[in-house]
K.L.:
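This is the structure, below, for whatever I ask next.
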Amino acid sequence: MPEGRPAIPAELRRQVLVEAGHRCAVPTCRQHPVDIEHIVDWAKVKKHEFENLIALCPTCHRRKGDGPDQIDRKALRQYKANLSVLNSRYSDLERRLIELYAGILRTGKVDPSNAPVIQLSAGSWLHLMYLIRDGYLRQVQTGGARLEIGGVTAVETFQLTPAGVELVQRWAAAQPLDPQVDDLA
């Protein structure tokens, strides 16, 4: 920490860590441990504010800057805004599902127009309710045999909708998730 700069208060650090799930806020990274970084450098703002702090792993922290192959302030602001949108709307399971699909789509081995299905235990729809309600995820019937235990369906099958694929792609590319936000520059 630079000389003369006060430490980030413990409660503020905790809020930033909780916002990012104690992982790097860069959606294609999500590593841990993390550092708390100022989006606009401390030297310019001379204060610690939640809106200007983000959790980054040491690798992404070193990549912060304005040069080629660096993570610029605009991208950091978008990562922060996207965390806010996801955290205020979606459950932990829904956010993990978005991360899972981002990893699957990132491989390039999957046709985004036909997202793979995922099977979860029966009743999972309740934990995925907001992704379903927002039109990003749908429950699908598979052509195969249904797994039943005692006459009760044991699994449910889900698939991203085209809008869900777009949401995941926008999240992974640090583009606005909130349609009301055009530019955070």
Side-chain angles (χ1 to χ4, degrees), residues 1-108 110 112 130-131 134-136 160 162-185:
M1 179 167 46
E3 191 175 319
R5 182 176 116 181
I8 298 170
E11 179 59 23
L12 184 55
R13 286 184 58 80
R14 187 191 72 73
Q15 290 172 358
V16 174
L17 290 169
V18 167
E19 172 190 50
H22 290 261
R23 294 187 171 276
C24 183
V26 177
T28 54
C29 178
R30 303 297 292 151
Q31 295 298 310
H32 60 84
V34 294
D35 302 323
I36 305 300
E37 173 62 15
H38 289 82
I39 296 170
V40 177
D41 293 329
W42 163 261
K44 289 184 180 180
V45 297
K46 303 279 189 208
K47 54 188 170 181
H48 304 304
E49 293 181 322
F50 179 78
E51 298 77 21
N52 190 44
L53 296 172
I54 192 166
L56 297 175
C57 72
T59 301
C60 290
H61 191 167
R62 284 190 304 275
R63 291 184 54 218
K64 179 186 169 208
D66 294 320
D69 298 323
Q70 289 188 304
I71 304 170
D72 63 18
R73 276 184 212 72
K74 184 176 180 180
L76 291 174
R77 282 189 194 106
Q78 193 59 62
Y79 295 142
K80 177 90 172 173
N82 287 351
L83 280 173
S84 176
V85 170
L86 290 180
N87 290 342
S88 66
R89 177 74 176 156
Y90 299 111
S91 70
D92 183 57
L93 179 58
E94 289 171 310
R95 291 189 307 269
R96 288 174 189 240
L97 194 58
I98 289 169
E99 283 184 41
L100 174 70
Y101 272 113
I104 291 169
L105 294 174
R106 191 171 35 252
T107 67
V110 175
Y130 291 109
L131 282 176
D134 292 347
Y136 297 132
L160 285 178
V165 170
E166 183 179 336
L167 172 80
V168 169
Q169 290 171 329
R170 292 177 71 75
W171 176 77
Q175 296 174 349
L177 300 182
D178 184 346
Q180 306 301 319
V181 178
D182 293 324
D183 188 16
L184 293 174

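Note that these values count all heavy atoms, side chains included, but never hydrogens, waters or copies made by symmetry. What you are looking at is a predicted structure, and each value in this text was computed from that prediction instead of being measured.
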K.L.:
Could I get the full list of ring-ring contact (aromatic ring centres under 6.0 Å, His included) partners for His61, not counting sequence neighbours?
P.N.:
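With neighbours one apart ignored, the set is empty.
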K.L.:
For Val26, which residues count as a side chain to side chain contact (heavy atoms under 4.5 Å, CB included) partner, sequence neighbours excluded?
P.N.:
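Val26 satisfies side chain to side chain contact (heavy atoms under 4.5 Å, CB included) with Cys24, Thr28, Cys29, Leu56, Cys60, Ile71, Tyr79 only.
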K.L.:
Would you please name every residue forming a side chain to side chain donor-acceptor pair (under 3.5 Å) with Ser91, sequence neighbours left out?
P.N.:
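Testing Ser91 for side chain to side chain donor-acceptor pair (under 3.5 Å), a comparison that skips the adjacent residues, returns Glu94.
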K.L.:
The criterion is salt bridge (Lys or Arg N to Asp or Glu O under 4.0 Å); which residues satisfy it with Asp69, sequence neighbours excluded?
P.N.:
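Residues passing salt bridge (Lys or Arg N to Asp or Glu O under 4.0 Å) with Asp69: none at all.
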K.L.:
For Lys64, give me all partners under side chain to side chain donor-acceptor pair (under 3.5 Å), at least two apart in sequence or on another chain.
P.N.:
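If we apply the side chain to side chain donor-acceptor pair (under 3.5 Å) test to Lys64, skipping adjacent residues, the hits are Glu37, Asp41.
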K.L.:
Is any side-chain heavy atom of Leu93 closer than 4.5 Å to a side-chain heavy atom of Leu97?
P.N.:
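When only atoms from C-beta onward are counted, Leu97 and Leu93 do not touch, as no gap falls below 4.5 Å.
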K.L.:
For the pair Tyr136 and Tyr90, name the ring-plane relationship: parallel under 30°, tilted 30 to 60°, perpendicular over 60°.
P.N.:
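Perpendicular, since the angle between the ring planes exceeds 60°.
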K.L.:
Can you sort out the partners of Val40 under side chain to side chain contact (heavy atoms under 4.5 Å, CB included), two or more places apart, ordered by chain and number?
P.N.:
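Side chain to side chain contact (heavy atoms under 4.5 Å, CB included) list for Val40, sorted by chain: Lys44, Val45, Asn52, Arg73, Arg77.
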K.L.:
Output all residues satisfying side chain to side chain donor-acceptor pair (under 3.5 Å) with Arg106, sequence neighbours left out; order by chain, then residue number.
P.N.:
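None.
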K.L.:
Can you name the salt bridge (Lys or Arg N to Asp or Glu O under 4.0 Å) partners of Arg30, sequence neighbours left out?
P.N.:
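In terms of salt bridge (Lys or Arg N to Asp or Glu O under 4.0 Å), with neighbours along the sequence ignored, Arg30 is linked to Glu99.
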K.L.:
Within the supplied structure, the quantity of interest is the number of heavy atoms (other residues, nucleotides, ligands) at a distance under 6.0 Å from Tyr130 OH; does it exceed 12?
P.N.:
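12 or below, so no.
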K.L.:
Side-chain contact test, heavy atoms from C-beta onward, threshold under 4.5 Å: evaluate it for Ile98 versus Leu131 and give yes or no.
P.N.:
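Yes, side chains in contact.
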K.L.:
Between the side chains of Asn82 and Arg170, is a donor N or O closer than 3.5 angstrom to an acceptor N or O?
P.N.:
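Checked: Asn82/Arg170 side chains show no N/O donor-acceptor pair below 3.5 Å.
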K.L.:
Test of understanding: with side chain to side chain contact (heavy atoms under 4.5 Å, CB included), list the residues that count as partners of His32, not counting sequence neighbours.
P.N.:
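In terms of side chain to side chain contact (heavy atoms under 4.5 Å, CB included), with neighbours along the sequence ignored, His32 is linked to Arg23.
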K.L.:
Residues in salt bridge (Lys or Arg N to Asp or Glu O under 4.0 Å) with Glu166, at least two apart?
P.N.:
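Here no residue qualifies.
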K.L.:
Under the rule for salt bridge (Lys or Arg N to Asp or Glu O under 4.0 Å), what residues qualify as partners of Arg89, not counting sequence neighbours?
P.N.:
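Once residues adjacent in sequence are excluded, the partners of Arg89 under the salt bridge (Lys or Arg N to Asp or Glu O under 4.0 Å) criterion are Asp134.
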K.L.:
Please list, chain by chain and in numerical order, all residues satisfying side chain to side chain contact (heavy atoms under 4.5 Å, CB included) with Glu51, sequence neighbours excluded.
P.N.:
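Glu51 satisfies side chain to side chain contact (heavy atoms under 4.5 Å, CB included) with Glu49 only.
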